[in-house]
Amino acid sequence: MPDAHPIADFGAAVAEVVRSIPPAHAMTYGDVAAVLGSRASRAVGRVLAFEGADLPWWRVVRAGGWFPTGHEQRALEHHRAEGTPLVEGTAGWRVDLRRARWSPDVEDAS
DNA sequence: AAGTTGACTTTCG
DNA sequence: TCGAAAGCCAACT
C-alpha cells in the first residue's frame with residue numbers, strides 16, 4: 001500500500017481513512033476506529049478536530065448519521081454540495097447511512 | 001504515573 | 001420510544 005507519508009500515529013491513520021472516503025459517502029466514528037483496529041471513536045473525533053482542517057471531516061458522522069456536535073450546520077452545507085444522500089429528521093438533517101455508509105476495505109484495496 | 005477530557009457508542013431504565 | 005449512565009480509547013495536564 002503506497003503512502004507518500006509515513007504513518008505511525010493514530011491521527012495519521014485516521015487522516016488516511018477519512019481521505020479515502022469518496023464523495024457522496026460517509027462513515028461513522030466507530031467505523032473509522034474499527035478500521036484502525038480500535039474502538040477509539042472519541043480519539044477519532046479528537047483527530048478530526050486537529051487534522052480535520054485539511055480533511056473531509058464532514059464525511060465522518062456519528063452513529064445514526066448525525067453530524068458532530070457543534071458542527072452540524074457546517075457539515076450539512078458540505079453534504080448538500082457533495083450530493084450525499086440526506087434525510088430530514090425532527091432534530092434536523094442527517095446522512096442516510098443506508099446508502100452513504102461505505103468501507104475503505106471494499107473498493108480501495110490498494 | 002495518575003487523573004481529566006472529548007467533533008463517540010452502546011446498554012439499561 | 002426517549003432519556004440517562006457507563007464504557008472505551010487516545011491525548012493532554
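Chain letters run A, B, ... following the sequence lines, proteins first and then strands; every chain starts at 1. On a predicted model such as this, the values are computed, not experimentally measured, just so you know.
The side-chain contact (heavy atoms from CB on, under 4.5 Å) search around A/Ala75 returns A/Trp57, A/Trp58, A/Phe67, A/His79, not counting sequence neighbours.
B/dT5 atom C1' lies 17 Å from atom CG of A/Leu48, rounded to whole Å. Spacing between atom OH of A/Tyr29 and atom C1' of C/dA11 amounts to 16 Å, rounded to whole angstrom units. Note: CH2 (A/Trp66) to C1' (B/dT10) measures 14 Å, nearest angstrom. Straight-line distance from the CZ atom of A/Phe50 to the P atom of B/dG6: 17 Å, rounded to whole Å. Across the protein-nucleic acid pair, A/Asp9 atom CG and C/dC9 atom P stand 19 Å apart, rounded to whole Å.
Residue contacts for A/Ala49: at a heavy-atom cut-off of 4.0 Å it reaches a base atom on one of the strands shown.
Once rounded to the nearest 0.5 Å, the distance linking CZ of A/Arg101 with CE of A/Met27 reads 8.0 Å. The structure places CG of A/Leu48 at 6.0 Å from CG of A/Leu55, a figure rounded to the nearest 0.5 Å.
The side chain of A/Arg46 lies closest to C/dA11, out of C/dA11, B/dA7, B/dT9. When the nucleotides B/dT10, C/dC9, B/dA7 are ranked by their closest atom to the side chain of A/Ala43, C/dC9 comes out on top. The side chain of A/His71 lies closest to B/dA7 when the candidates are C/dA10, B/dA7, B/dT9.
Of all non-hydrogen atoms in A/Trp93 and A/Trp66, the two that sit nearest each other are O-CD1, 4.2 Å.
The existence of a salt bridge linking A/Arg80 and A/Glu77 is confirmed by a sub-4.0 Å separation between a basic side-chain nitrogen and an acidic carboxylate oxygen.
Residue A/Val32 is not grouped with residue A/Leu97 when hydrophobic side chains (ILVMFWY) are merged at heavy-atom distances under 4.5 angstrom, including chains of intermediate members.
Spacing of P atoms, B/dT4 relative to C/dA6, comes out at 15 Å, to the nearest Å.
Screening A/His25, A/His78, A/Glu82 against A/Arg59 for a side chain to side chain donor-acceptor pair (under 3.5 Å) leaves a single residue, A/Glu82.
Nucleotide B/dA1: unpaired (no Watson-Crick or G-U wobble partner with both distances less than 3.5 Å).
Residues from residues 30-40 of chain A with heavy atoms under 4.0 angstrom of DNA chain C, sorted by number: A/Ser38, A/Arg39, A/Ala40.
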